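Note that the structure is predicted; figures quoted are calculated from it, not measured. Each ligand, and each atom within it, is numbered from 1 in the order the structure gives.
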Amino acid sequence: MARTATSIKERNGSTITVARESAATSESAASEGDLGTLSPRKLVDFYRLMYASRRIDDREILLKRQQKIFFQISAAGHEAFQVAIALATRPGYDWYVPYYRDRALCLALGMTAEDMFLQAVGAASDPSSGGRQMPSHWASEKLNIVSTGSSTATQVLHAVGVAEAGLYYAKHPEAAAKAEGDYRAFHNVRFHADEVAVTTIGEGATSQGEFWEALNTASNKKLPVLFCIEDNGYAISVPVEANTPGGNISRLVANFPNFFFAEVDGTDPEASFAAIQAAAAHCRAGKGPAFVHGHCVRIYSHSFSEDDKHYRQKAEREADAMRDPLHKLQMRLLRENILSTAELTDLEHQIDEQVAAAAARAVEAAIPPVSSIPKHVYSEDFDPTSDAIESDPIWMDDGSDEGDRQGSWQPEKSKADKTMADLINVCLRDEMRRDPRILVYGEDIADATREEALKESKGKGGVFGLTAGLQSEFGSDRVFNSPLAEANIVGRAVGYAVRGLKPIVEIQFFDYIWPAVHQIRNELAVMRWRSNGLFRAPVVIRVPIGGYLTGGSIYHSQSGESIFTHIPGLRVVFPSNALDANGLLRTAIRCDDPVLFLEHKRLYREPYGRAPYPGPDYMIPFGKAAITRPGTDVTIVTYGALVPRALQAAQKAERDHGIQTEVIDLRTLSPYDWEAIATSVKKTSRVIVAYEDTKSWGYGAEIAARIADELFEDLDAPVKRIAAMDTFVAYQPVLEDAILPQPEDLLKAILDLRAF
Ligand SMILES: Cc1ncc(C[n+]2csc(CCOP(=O)(O)OP(=O)(O)O)c2C)c(N)n1
Ligand SMILES: [Mg+2]
């Protein structure tokens with residue numbers, strides 16, 4: 001073990017020396033940097049990349065002034081640290097999950113100046129996003145640069161998932177094999193047993209919970225994640241001491257186990273290179289994650305859209321300018337006679353010309369056609385709404401009965417009706433058997449994290465028992481408990497999925513999905529569109545939802561599906577019975593889009609909607625409603641736990657009043673079956689949209705608005721909505737009953753519509 005010692009000047013003027021255990025001596029790839037020195041040739045390489053990065057920034061600033069591009073954010077002051085990250089790791093071999101300031105990093109990894117300008121102008125040929133993302137949000141499948149968004153700190157959780165995926169493939173190489181018939185046909189898997197997942201983040205963004213959630217898992221699972229902190233002392237206008245207690249993130253993270261730590265002058269190529277090289281070696285050797293904190297400077301303002309003179313003192317700005325890594329390296333190349341003035345001028349001139357030529361080409365590039373806008377909102381490869389995936393159930397033994405396990409299967413017993421909980425569990429099991437890329441995790445979903453406990457008991461398998469037995473059958477690599485952190489669950493899933501795995505995660509209660517919503521809305525759902533199809537995140541998120549539990553109260557009874565149907569790119573499924581749950585979950589798993597799979601807790605073990613096991617390949621396409629009860633007088637459009645309640649109301653309306661009510665179970669909420677709704681409303685001319693969520697701004701608002709818009713001529717009565725009161729769900733059962741929509745409310749609405 002070697003010790004790296006790096007001195008840096010702190011912002012308060014005192015000098016600290018940070019010495020850490022490092023694995024530098026065991027770095028097999030190490031040729032330069034071991035002793036903290038870089039060869040003259042390597043220093044020139046650094047300078048070439050750093051200078052190009054700065055000139056591209058400057059050219060973009062010019063283009064912004066000319067209104068030829070529409071945003072600019074620079075890497076100025078971060079170049080030495082960023083180039084060091086690229087040169088001390090293995091482009092195209094390691095994985096990179098950057099943030100939005102990483103021009104020099106991405107340039108050094110292999111993106112070109114033209115690639116960058118094409119994004120800045122929003123060209124159709126922008127290789128990272130097809131004109132969809134702001135400048136400095138690069139992505140490359142070839143270079144393993146995962147598409148980044150603008151949200152601060154979400155990316156570090158992706159890096160954790162990316163690292164876990166690499167380890168999983170290394171341990172289970174059979175999982176990398178292509179397979180036809182599902183999402184695997186469209187994902188090329190590449191991995192290396194000793195790869196590193198490199199991620200970068202600003203010091204301000206280390207205040208985000210997701211940063212700490214990433215350190216938690218990387219540390220706990222000893223993952224090869226290299227966290228690079230680009231500390232320029234400011235988060236827009238907020239100085240580091242207002243974000244980070246004590247002003248130094250390295251001090252705060254120092255007690256995380258299994259980490260390699262280094263803190264360096266990020267304007268110094270050699271110190272940065274040595275630290276990152278040692279850090280990468282630690283990761284590659286399987287010792288755990290690494291944390292390299294580079295003190296950089298911000299030479300320009302946060303972005304071109306603001307002016308740091310409004311909140312920084314002149315002396316401070318000048319001090320940063322004195323540490324400008326580009327000027328320092330330029331001086332050094334001359335001072336140490338590595339380049340003559342003429343050679344340096346020649347080098348710079350060549351780069352200037354290349355940058356200018358690349359910019360000139362980019363401003364002439366065609367912009368994306370308006371017709372291309374919807375492309376890649378959803379998969380272009382696998383259509384989960386296709387009739388072709390519809391299959392008939394083949395009633396059979398599901399293999400889970402005790403009798404069967406003992407070799408004495410009794411057909412009449414095995415084909416007995418199963419609950420929704422049973423058929424979800426069996427679907428997960430079947431799919432895990434046929435697809436080794438499926439991983440299942442979430443809070444409490446394992447049978448037992450301490451496997452010894454399973455010698456004495458059957459284990460837990462989820463708070464509702466939906467994942468029971470999966471860990472016992474498929475092992476702890478594939479079925480495991482997550483930390484109690486919902487953003488961690490979904491953020492890591494994004495990382496898994498971009499590498500071709502199929503995470504099926506559970507959020508324990510819909511009421512606690514909120515910490516994950518940032519990841520769902522800004523990362524999961526948008527990954528494919530923002531990268532113009534380069535990356536995708538077809539994760540399945542299973543979530544128990546809804547009330548009618550008696551005692552569920554505020555925090556175990558929530559609905560809120562319309563918040564998610566409002567998100568483009570996300571499929572939202574909400575079955576009302578066991579058979580649909582089985583067939584729709586299978587479609588969710590095999591398809592290539594992210595799916596929010598909502599499971600009504602009240603329906604898990606209801607006598608209503610039970611069914612025998614429909615076989616291991618039973619699938620239902622998305623966007624196909626079920627006519628649960630045909631009728632001619634009134635239509636009820638509904639889903640979830642309102643389906644059995646609507647049926648009760650419909651039966652009473654027929655028995656007591658002779659009214660024939662048609663009940664449509666939408667089954668999937670996004671996409672939804674407009675054709676089924678329109679056909680029914682044209683027949684009945686009276687419609688109720690019923691949903692369990694609070695009435696105002698709910699799912700029914702969209703359906704009602706569309707009916708009013710497109711079927712106005714067919715209506716004989718106003719569109720009615722039956723839903724919950726605009727409040728929360730109370731604990732006291734009498735109040736809960738009053739708050740949530742009941743069969744009597746539906747019956748009253750049916751009778752009211754008769755008056756028209
Ligand atoms: C979740 C989130 N909140 C707020 C913002 C707006 N924002 C963009 S950059 C930024 C500051 C980030 O500072 P830091 O992490 O230090 O990185 P730097 O820009 O200094 O490199 C903020 C607040 C955002 N993009 N994402
Ligand atoms: Mg910063």
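Paired with Arg499 under the rule salt bridge (charged side-chain N to carboxylate O under 4.0 Å, His left out), one option of Glu141, Glu195, Glu164 passes, and it is Glu195.
Counted by atom type alone, Gln119 and Gln133 present zero donor-acceptor pairs between their side chains at under 3.5 Å. For the residue pair His293/Glu203, the side-chain donor-acceptor check at 3.5 Å is not satisfied. Under the 3.5 Å distance criterion, with hydrogens and angles disregarded, a donor-acceptor pair is assigned to the side chains of Glu316 and Tyr234.
Contact residues of ligand 1 (protein heavy atom closer than 4.0 angstrom to a ligand atom; sorted by chain and number): Tyr99, Tyr100, Arg101, Ser150, Ser151, Thr152, Gly202, Glu203, Gly204, Ala205, Gln208, Asn232, Tyr234, Ala235, Ile236, His302, His518.
Of all N, O or S atoms in Glu203, the one lying closest to the Mg ion (ligand 2) is OE1.
Residue-environment remark: NZ (Lys328) exceeds the threshold of 12 foreign heavy atoms within 6.0 Å.
Seen from the Mg ion (ligand 2), atom O of Tyr234 and atom OD1 of Asn232 lie 80° apart in angle, a value rounded to 10°.
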Could you walk me through whether Tyr441 and Tyr496 pass the ring pair (Phe, Tyr, Trp, His ring centres under 6.0 Å) check?
-> CA-CA 12 Å; Tyr441 65 95; Tyr496 283 129; 5.6 Å; yes
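None of the N, O or S atoms belonging to Glu230 lies under 2.8 Å away from the Mg ion (ligand 2).
Partners of Leu570 under the side chain to side chain contact (heavy atoms under 4.5 Å, CB included) rule, at least two apart in sequence or in another chain, are Ile520, Leu524, Ala525, Phe564, Ile567, Val572, Pro594, Leu596.
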